[in-house]
Amino acid sequence: MTDAAKKTTTRETHLSKSYEPVSVEARRYEKWVADGRFKAADDSDRDPYCIVIPPPNVTGQLHLGHALNHTLIDAMVRRERMRGKEALFLPGTDHAGISTQNVVERQLADKEGISRHDLGREAFVERVWEWKATYHDRITSQMKKIGDGVDWDRERFTLDEGLSHAVQTIFKRLHDDGMIYRAERIINWCPRCMTALSDAEVEHSDDAGELVSMRYGEGENSIVVATTRLETMLGDTAVAVHPDDERYAHLVGRTVELPFTGRHIPVVADEHVDPEFGSGAVKVTPAHDPNDFAIGERHGLESILIMDERGVITAHGPFQGLDRFEARSAIASALRADGRIVAEKRPYIHAVGHCDRCDTTVEPRLSKQWFVKIERLAKLAGDAVRNGDTKIYPPEMEKRYFQWVDNLLDWCISRQLWWGHRIPIWYGPDGEQVCVGPGEEAPEGYTQDPDVLDTWFSSALWPFSTLGWPAETAALKKFYPTASLITGQDIIFFWVVRMMMFGTYAMGEVPFKEVYLHGLIRDKEGKKMSKSSGNGIDPLEVVDTYGADALRYMLARDAQPGSDNTASIELAEIARNFCNKLWNGTRFALMSGATVEGDLPESPSLIDRWILSRLSRTVTAVDALLDQYEFAKAMDALYHFAWDDVFDWYLELTKPVLAEGGRPADDTRRVIGHVFDQLLRLLHPVIPFVTEELWLSLTGGEERGESLTVAAWPAAGEADAESERLVEALQHLVVEVRRFRDGQGVKPSQSVAAALTGLSDAGLDGQERLIRTLVRLDEPGEGFAPTAELAVSDQVSVALDTSGTIDVAAERARLEKALKAAQKELDGTTKKLGNEAFLSKAPEAVVEKIRTRKATAEADIARATAQLQRLDG
RNA sequence: GGGUGCUUAGCUCAGCGGUAGAGCGCUGCCCUUACAAGGCAGAUGUCACUGGUUCGAACCCAGUAGCGCCCA
């Protein structure tokens, strides 16, 4: 810290020879926080710009997907802060009901051999809070390490007091609006987590099972049904056929005997049966299948639950006490022994639902749960996007949004867990039921519903509960609706849609004006990264090895809207190399006396005009790209401006000027200072640490309490096309000479005598000395005897005295290659221009362009040919 | 099964109607006092396949094949 202060106060370049992130990052981050750089004010005159964090699981740890997400959010917010907005990146975490409870239960079992029931609800929840405290510190320190510029004073947790109040408030409001109800329905049940799940928490995969066809009943009174879930037959209460299916018309209204149970079940006619599938007859298990439940309701069938919460068969009979999968094979054997199996298809690939937390096969199960009526909310959420109140980036993602939001079923929100927001419904001794709002007391003698709410129920309030809702806080007024939501496209259904529903419902206004859905992180094989498949790259390891800036840069430069990121450790190295290059470029600028003091020169030199023009174009491009969340392209533009234009050309071009000294050198020092000042600003949102460190060295701003975090974002100036054209000509000349030298095996350090002609015709008056220095061409001296002549362009040619024989073969090869390329170009353009249809139908501008290309090709050929002849001569 | 996207240089990806591009990798030369985590120069492609539209197709249309994702 004191070292750094010394560095900047002396304004000298005590920067190390290469960038060492560890020596910079933690120190910088602490200072930013201490100086309140990320704090947003509720009462400022500045326009608001707020993005709320997609809250990570408080007991989880950051993976690369989080790092990508945070990088993009942080970059957007930092840029807006620099643009003078009241910028807020609001942090927090969620309580992740199921997975957190799972983890703590497992730990209790492993370490103490007890279950949550042994502890009891209160003590168990107490334990989870302890667990939460530990892991909360881990995840926040990770966020600090990757440089999240969040307002820590506003950090929220879904289970904290304010947010719990918000949950209770909206529950009560929805309840009183008739939009929350309790009903017996078929829900997704996880027999391992022992709780209901919402549709979104079920993942379907195509699994290999078996399709077994079996016969119910005997003789004329028999019917064949097929199933992949044999065990459910114990709960069958009917067989259904299509009403028009003549094969079974005689059976409708009669009963067949259900094996093992002694029950006689009716054959019913139902239009929803597909007569084409299997035998055309289906078994009906209303308590264990949503379609069968619907059939059951239509025909007044009994619903028989045949297993308990763990998936163990409870139906009386030989299979009682077996797990559902054990029962499946036991039943198969028994049926086979009975001669009832008429066909078996194995493997039979079919979609099977799995719990997205533990991968256990989900059991559809009749159960009494709480639901949110979705229709009105879904319409609000869908219309908000249709109306353009919220804009989705990339736009293709809208389809996926509508596909979900327009086909939503009622949302099952109750969970049979202890960790979460307890449902604020209380039951009276005589079956009364009241919803208790915030600040209200349940009547004496009532007991509260034991279940808790789906975590996403509270996450859905996040964009406004975190700002103080339901209180009409200044923060809420200032920052709602938030500017944007940036999140992975995999949680569009869990989270984005639900925030849209609750936001529009509770606030009457969308929660965010834009949504940017970024891709997932994959490994080099295209697989989704995960800890279980062992292909994960730990972002914190990347930080330790290459620095947070390298991590952020690597992620941002690969973030293309609509496609996933392919991460590999090599990308981190590339990113680190860029940071190092920037470090050294700036170090050189400082050593050259670059300054940000005073006005820019009134009449800058050609190369200064050129770099200022390139800067202007870069600012324009980066702004346009970032406005569209085109991070990869913005980074590409910055990369090329920095590396190609500034480091490879501009700095090299300034060296001779600086060596010359005098006023031109002073002017250029000022321009170098400006260019680096602006470049560092442009890069700061993505690579905040290295840019801050360098910028403070460049400007000496630390002692004045300055920081790049709050420095003004660059404004694009005018482009200067003339300077760009001239410098391009100069670059072309330089490259041609270098090629020649390289082809001739002339060492870079070796000077060659040369005469340059036609520079003023090419508009490069006054650049001769610069060019000579750059490519080591000495003035022709006594006895100058050119051995080769390079016709660089129509105007410029260079005669070189290589003081000896030249490698004719190499030079000929070089020229012949150029000639061949030009000839190909001439052939192509000549053919086009000889095509009547092309001339009459193509736009004039295109025809003109082809004519120019043809002329250029002709000139190139003439020059190359002449040079080849000279070689022979 | 219904949607939706992808297939371009060895790898990762841009380009989406008018000269095929980038980064990395590769080849050669160079420790040129900012940087070898670097510099200079160079090589590299039947733009998946088959038809069609067009003066002109990597780009538009149709079909085929492979891969991916979402939803059931």
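Proteins get letters first, then strands, A, B, ... in listed order; numbering begins at 1 in each.
- A side-chain contact (heavy atoms from CB on, under 4.5 Å) with A:I672 is found for one member of A:T586, A:L658, A:I611, A:V596 and no other, namely A:L658.
- Closest-nucleotide positions on RNA chain B for A:P561 and A:A200 were compared, and the one nearer the 5' end corresponds to A:P561.
- The strand RNA chain B forms stems, runs of 3 or more Watson-Crick or G-U wobble pairs with distances below 3.5 Å, at B:1-7 with B:65-71, B:10-13 with B:21-24, B:26-30 with B:38-42, B:48-52 with B:60-64.
- Between A:R853 atom CZ and B:U19 atom C1' the separation is 4 Å, expressed in whole Å.
- Among the protein residues, A:R741 comes within range of no part of the nucleic acid, since none of its heavy atoms lies under 4.0 Å from any strand.
- Rounded to the nearest Å, the gap between the C1' atom of B:U50 and that of B:A65 is 11 Å.
- Residue contacts for A:S563: at a heavy-atom cut-off of 4.0 Å it reaches the sugar-phosphate backbone alone, with no base atom in range.
- Residues satisfying the side chain to side chain contact (heavy atoms under 4.5 Å, CB included) criterion with A:A381, sequence neighbours excluded, are A:Y401, A:V405, A:M500, A:M501.
- Rounding to whole angstrom units, NE2 of residue A:H354 and P of B:A72 are separated by 14 Å.
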One character per nucleotide, please: for nucleotides 28-38 of chain B, 5' to 3', B when the base has a protein heavy atom closer than 4.0 Å, S when only the sugar-phosphate does, - otherwise.
BSS-B-BBSBS
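- Put simply, CG on A:D549 and SG on A:C579 are 5.0 Å apart, with the number rounded to the nearest 0.5 Å.
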Look for any protein N or O under 3.5 Å of an N or O in nucleotides 55-57 of chain B and output each such pair with its distance, or none.
| unit_1 | atom_1 | unit_2 | atom_2 | d |
| --- | --- | --- | --- | --- |
| B:C55 | OP1 | A:K841 | NZ | 2.2 |
| B:C55 | O2' | A:N835 | ND2 | 3.0 |

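- Rounded to whole Å, atom P of B:U19 lies 13 Å from atom CG of A:L833.
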Might you list the N or O atoms of the protein lying below 3.5 Å from N or O atoms in nucleotides 1-3 of chain B, with each pair's distance?
| unit_1 | atom_1 | unit_2 | atom_2 | d |
| --- | --- | --- | --- | --- |
| B:G2 | N2 | A:Q403 | NE2 | 3.2 |

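- Atom C1' of B:G28 sits at a distance of 23 Å from the matching atom of B:G21, rounded to the whole Å.
- Remark: P of B:G18 and CD of A:E848 are 18 Å apart, rounded to the nearest angstrom.
- Taking atom P on both B:C59 and B:C67, the two are 23 Å apart, rounded to the nearest angstrom.
- Applying the side-chain hydrogen bond (donor to acceptor under 3.5 Å, both in side chains) test to every pair with at least one member in residues 832-841 of chain A, sequence neighbours left out, gives no pairs at all.
- A:E573 and A:N577 form no side-chain donor-acceptor contact under 3.5 Å, judged by distance and modelled atom types alone.
- If you take CG of A:N565 and P of B:G68, they are 19 Å apart, rounded to a whole angstrom.
- Looking at residues two or more places apart in sequence or on another chain, you find no side chain to side chain contact (heavy atoms under 4.5 Å, CB included) involving A:A821.
- Taking atom CD of A:E630 as the reference point, atom C1' of B:A22 lies 15 Å away to the nearest angstrom.
- For the P atoms, the distance linking B:U7 with B:C61 amounts to 14 Å, nearest Å.
- Residues passing the side chain to side chain contact (heavy atoms under 4.5 Å, CB included) test with A:E825 are A:T829, A:R853, A:A857, sequence neighbours excluded.
- By the side chain to side chain contact (heavy atoms under 4.5 Å, CB included) test, A:F647 is found to be paired with A:K581, A:L582, A:A642, A:W643, A:L651, A:F676, A:L679, residues two or more places apart in sequence or in another chain being considered.
- One side chain, A:W695 or A:D677, offers a donor N or O that lies under 3.5 Å from an acceptor on the other.
- Partners of A:H350 by ring pair (Phe, Tyr, Trp, His ring centres under 6.0 Å), not counting sequence neighbours, listed by chain and number: A:Y348.
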Which pairs of donor and acceptor atoms, one on a side chain in residues 624-634 of chain A, lie under 3.5 Å apart (sequence neighbours left out)?
| unit_1 | atom_1 | unit_2 | atom_2 | d |
| --- | --- | --- | --- | --- |
| A:D627 | OD1 | A:R79 | NH2 | 2.9 |
| A:Y629 | OH | A:S484 | OG | 2.7 |
| A:Y629 | OH | A:E514 | OE1 | 2.5 |
| A:E630 | OE1 | A:K633 | NZ | 3.3 |

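- The separation between A:L774 atom CG and B:C40 atom P is 10 Å, rounded to whole Å.
- Taking atom P in both B:A22 and B:G3, the straight-line distance is 39 Å, to the nearest Å.
- We find that A:E844 and A:R851 are joined by a salt bridge, their nearest charged nitrogen and carboxylate oxygen being less than 4.0 Å apart.
- As rounded to whole Å, 17 Å separates atom P of B:C69 from atom CD1 of A:I492.
- Sorted by first then second residue, the ring-ring contact (aromatic ring centres under 6.0 Å, His included) pairs that include residues 550-573 of chain A, not counting sequence neighbours, are A:Y553-A:F578.
- With rounding to the nearest 0.5 Å, the separation of CG in A:D636 from CG in A:D558 is 11.0 Å.
- Nearest-nucleotide positions on RNA chain B place A:V846 closer to the 5' end than the other of A:W649 and A:V846.
- Atom name C1', nucleotides B:U46 and B:G42: the rounded distance is 24 Å, in whole Å.
- Nucleotides B:A37 and B:C31, compared at atom P, are 16 Å apart to the nearest Å.
- Rounded to the nearest Å, the gap between the P atom of B:G5 and that of B:A41 is 42 Å.
- Checking A:D608 against A:T668 by side-chain atom types alone, a donor-acceptor pair falls below 3.5 Å.
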